[in-house]
Number of protein chains: 2
Amino acid sequence: MKQEHSGSGDPAKSLELLWRRRPAPSRGPKPALTVDGIVAAALRIADADGLAAMSMRRVADELGVGAMTLYRYFPGKGELLDVMLDTVYGDLPRRVVPGDWRAALDEVARENRELYLRHPWLLQVAISRPPLGPNVMAKYEWELTAVEGIGLTDLEMDATVALVNGYVHGAVRTAVESRQVIQRSGMTDKEWWLAHVPHLDQIGDLKKFPLSSRVGTAVGSEFDAPYDAEHAFEYGLERLLDGVSALVANRTAPEG
Amino acid sequence: MKQEHSGSGDPAKSLELLWRRRPAPSRGPKPALTVDGIVAAALRIADADGLAAMSMRRVADELGVGAMTLYRYFPGKGELLDVMLDTVYGDLPRRVVPGDWRAALDEVARENRELYLRHPWLLQVAISRPPLGPNVMAKYEWELTAVEGIGLTDLEMDATVALVNGYVHGAVRTAVESRQVIQRSGMTDKEWWLAHVPHLDQIGDLKKFPLSSRVGTAVGSEFDAPYDAEHAFEYGLERLLDGVSALVANRTAPEG
DNA sequence: GGTCAACTGCGTACACTGTACGAAGAATAG
DNA sequence: CTATTCTTCGTACAGTGTACGCAGTTGACC
């Protein structure tokens, strides 16, 4: 996959766009479009057909204008993506679970998971140096709230939130890739495995990989894809929170 | 980022390519290239300039042939990527640490990390349904060895290996993205943050995000990028293995 | 040795991409 | 009324993966 990148323009212009602070022009003709309208069209396309289908020409077509018209509203595609990101972050419920850090982190993980599942193209946008729009800021604040006041340092709070977010990203990416490959190929994972095994055994000698054969077969016969993804997510999240729990316990009673 | 996909051709052809079992043709002129030569050229480009730079035309140029010539050796770009993947997996040392599952899993994580750092383009290829070449098989076998015989079920073994691999993928992706964005923008994260804060405060009122301000400042002043990535990796891996540890302890002494 | 089938290399073409440039027209300030 | 600013958008450019078909080379068979 190719990564899609944010706009690298100057901070002032980007923040103006994200916070909708562009001063209305006085002199020329009235603009036919709005930033929100363009973003909505782009989101419709990305949600339905993926990020690869979201070209500037396609978005322009959706709005009934020429492709270059969009460049009057956004410096480039990167900035459009930035605003799309901040916009979908606005859909997070951001429920706060007070008094129970584990339940709160669990909620953070699940809301992020839902968001990725609703907008799979999010998995493909690079988010180091996120666009600092209102919803990106609110999301980070909400996530930190989950681990505030439980004895972690500021640095550990940030690392923990990043850890959970990274985990969710990876888990959903795997699940979505699996879902997409099933659709594209018209084969389940089990069918795919069964189509390969005979050739593989003849050409590469499966007996040289006893653990892979045993475990691979167990996984293939036990799981079908959606169930698998669901359980992998639950399994990993539990391990992760157990790990954080050990740290929190250590911070709460360090003189032991 | 756009995902790059594997070839979807029939298993026989793909496995033939991966295991180098293509019968040498008897009739026509001798081929001027070899599968290994093409893969080596493609790897040189991908390692140096990234996956986006690795176009069929560029690989062909590197070898001094026309673009379409490559299609005599690979059905398409996807299959070339498959063989590239299996090839770099061959560079893993695959050191076995006997008798200590935690050290063994740690080794798995670190070797995978090194591999991703050496070939960052690996982060962008989708690996659900990996190409079943000799090195892909050996890697999976080696990873399962780390968690064999410690009381986990076959399903838990697979889930644990997948969890560690997913974690490493995510951690390295974050680190590499950060490294790349610093290079492209010529700004460190701290400089970037300091360039945004004044505009952000004026336009969006930072006082509404007290935790973000506090933690963000702490992170910004304490870390520079490479140190940050290193520590984030260590921190997360420790949490993860602590979580697995809790499960293993539970399986070892379940009647407590 | 001649013939034919199989094989290799590769030029051209097609439908895409993001976006630089500049022309044509509309709205308003003076 | 004019000058300025602002809009829409056609055209162009350098890329992408790869389908198609042609020219030339080689070895197998008669």
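- The two residues B/Leu17 and B/Val83 have their closest heavy-atom pair at CG-CG2, 4.3 Å.
- Within the 4.0 angstrom heavy-atom criterion, base atoms lie near B/Thr69.
- A/Arg129 and B/Ser178 share no donor-acceptor pair across their side chains, judged by distance under 3.5 Å alone.
- Partners of B/Tyr89 under the ring-ring contact (aromatic ring centres under 6.0 Å, His included) rule, at least two apart in sequence or in another chain, do not exist in this structure.
- Put simply, chain A comes within 4.0 Å of DNA chain C, heavy atom to any atom, from C/dT17 to C/dA29, going 5' to 3'.
- Within 4.0 Å of B/Ala32, counting heavy atoms only, lie sugar-phosphate atoms of the nucleic acid but no base atom.
- The span of DNA chain D lying next to chain A, judged by atoms under 4.0 Å from heavy atoms, is bounded 5' to 3' by D/dT4 to D/dA12.
- Within the 4.0 angstrom heavy-atom criterion, no nucleotide atom of any strand lies near B/Phe74.
- With salt bridges taken as basic N to acidic carboxylate O contacts below 4.0 Å, none links A/Glu114 and A/Arg110.
- For the pair B/Tyr167 and B/Phe233, the tightest heavy-atom approach, listed with the atom from each and the gap, is OH-O, 2.8 Å.
- A/Tyr140 pairs by the ring-ring contact (aromatic ring centres under 6.0 Å, His included) definition with nothing, not counting sequence neighbours.
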Open item on the list: Checking B/Arg72 against B/Leu33 for the side chain to side chain contact (heavy atoms under 4.5 Å, CB included) test, could you report, in this order, the C-alpha distance in whole Å, the side-chain angles of both residues, the deciding distance, and whether it holds?
Closed with: CA-CA 10 Å; B/Arg72 292 279 153 199; B/Leu33 306 174; over 6 Å; no
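- Residue-to-nucleotide proximity on DNA chain C shows that, of B/Pro31 and A/Gly76, the 5′-proximal contact is made by B/Pro31.
- Panel note: side chain A/Thr69, backbone A/Val65; no donor-acceptor pair is recorded below 3.5 Å.
- Taking the charged nitrogens against the carboxylate oxygens, A/Lys139 and A/Glu111 have no contact shorter than 4.0 Å, which rules out a salt bridge.
- Remark: A/His196 engages A/Trp192 in a ring-ring contact (aromatic ring centres under 6.0 Å, His included) (not counting sequence neighbours).
- Of the residues in residues 21-29 of chain A, those placing a heavy atom less than 4.0 Å from an atom of DNA chain D are A/Pro25, A/Arg27, A/Gly28, A/Pro29, in numerical order.
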